[in-house]
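For reference, the structure is listed below as structure tokens.
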Amino acid sequence: MQSSKEIEELNDLLRGRWVSGLWNLDHGERPSAPKTRVQPHLWKWHDIYDSLIQAKEKITVSRGSVERRVIRLVNPGLSETQMTSHTILLSFQLIQPGEVAPAHRHTMSAFRFILHGHGAYTNVDGQKMIMEDGDLILTPQGSWHEHAHEGDENMIWIDGLDVPFIQALQVISFDPYPQGRLPVQERPDPEMYYGLTRPVGETETNPPLLHYHWRDTYESLQQLARTTTNPFDGVAMEYVNPATGGPTLPTMSCQIQMLRPDESTKAHRHTSTSIYHAFRGSGTTIINGEPFRWEQGDTFIIPLWSWHEHTNRSSKDEAILFSMHDSPILKAFGLYREEGNEDSAQKI
Ligand code: GTQ
Ligand code: FE2
């Protein structure tokens, strides 16, 4: 049995050599099941909306000062980093008529899910995409992007970025666009490429799919609702990257799901973290035994390895949840695990 004094002396010696003994490992660093500092939490729409409106009064968007009017969701377990989870930063952005959020690019990938307003567009690498409620628009890593508003009412959308993950890899880089506006490229409407045909000879120049229209998404949801439902997620679909057949972005999967009137899903848990936005309807999600009641506009987070199940609280109206997941990261490294409880669905 070594005395603690001897161990201390050894530790002091090793410290000076920039090495360290494994005997100093805290057993808390070796939990028997995944453990996260991310806490379950629900943000009410009223708080988000009021914060955006107050910011609108006081914050002006202009080049070189505040380039985006953005409110981020801070997880109560991550107040030092001010992130929403350990992998994703979720924010809400408001742009007023006439404003331009100047062009830039960064190593973080982003997506936008549009909530309210008309007449704004995002330009991604020259592709001008007019935003409509329920649309999903991607900004893959390294693409130039600018937002501008030609309509006459406030425009609000969700921004999701893989900031904390890219930060952990220490590869954050950011460039402002050298000067002026990002030019819109004159080319055939990229939507003609999204089907299964393309102009002969243009194989290499197809623009990537960056814009998923709500009218298509909703139509697909309704089609799926007629045929099948997933026991844990209800009528659920992933936004696919057609170039790879894989998830929406290399680091983030975006999904849309419908809970039919009175529908309840069964409980499951997985090693990915999920953030949900109630796009339509109202419901209750039980996270590790604790009920979180959501209404349209609310956003909530389910930390990894937490049991969760959803219920639509209405017996008349469908509920629609938009969600984002870091599962592509876990899957890429063979770390995705899932456990389901086939018997759990219970009425609340
Ligand atoms: O709109 O380009 O919420 O660069 C955070 C960083 C939005 C954006 C955010 C960004 C953007
Ligand atoms: Fe950006």
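As the structure lists them, so they are numbered: ligands from 1, and atoms in each ligand from 1. Since the structure is predicted, the reported quantities are computational estimates derived from the model, not experimental observations. What you see below is based on every heavy atom in this structure, not just the backbone, and it leaves out hydrogens, waters and symmetry mates.
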Per-atom contacts of ligand 1 with Val70, taking only distances under 4.0 Å to non-hydrogen atoms: 3 (O)

Heavy-atom count around Tyr336 OH within 6.0 Å, excluding the residue itself: above 12? yes

If you count the atoms of ligand 1 from 1 in the order shown, which ones are under 4.0 Å from a heavy atom of His145? 2 (O)

Are Glu99 and Arg69 close enough for a salt bridge, meaning some N to O gap below 4.0 Å? yes

Is the closest basic N to carboxylate O distance between Lys5 and Glu9 below 4.0 Å? yes

To the nearest 10°, what's the angle at the Fe ion (ligand 2) between atoms NE2 (His104) and NE2 (His145)? 90°

Just so I know, are the side chains of Arg37 and Glu80 near enough to count as touching, which here means a heavy-atom distance under 4.5 Å? yes

Evaluate the ring planes of Phe232 and His268, with Trp represented by its six-membered ring, and classify them as parallel (under 30°), tilted (30 to 60°) or perpendicular (over 60°). parallel

Out of curiosity, is Arg112 lining ligand 1, as in a heavy atom under 4.0 Å away? yes

In this structure, atom 5 (C) of ligand 1 is nearest to the protein heavy atom Leu161 CD1, 3.6 Å

Restricting to heavy atoms, the pick from Ile95, Val124, Asp159 nearest atom 3 (O) of ligand 1 would be Asp159

Which atom of His106 is nearest the Fe ion (ligand 2), counting N, O or S only? It is NE2

Worked check of side chain to side chain contact (heavy atoms under 4.5 Å, CB included) between Ile256 and Tyr218: CA-CA 9 Å; Ile256 192 86; Tyr218 188 58; over 6 Å; no

Can you find a non-hydrogen atom of His106 under 4.0 Å from ligand 1? yes

Any idea which protein heavy atom is nearest atom 8 (C) of ligand 1, and the distance to it? Arg68 NE, 2.9 Å

Lys44 atom NZ: more than 12 heavy-atom contacts under 6.0 Å: yes

Of all the heavy atoms in His147, does at least one lie under 4.0 Å from an atom in ligand 1? yes

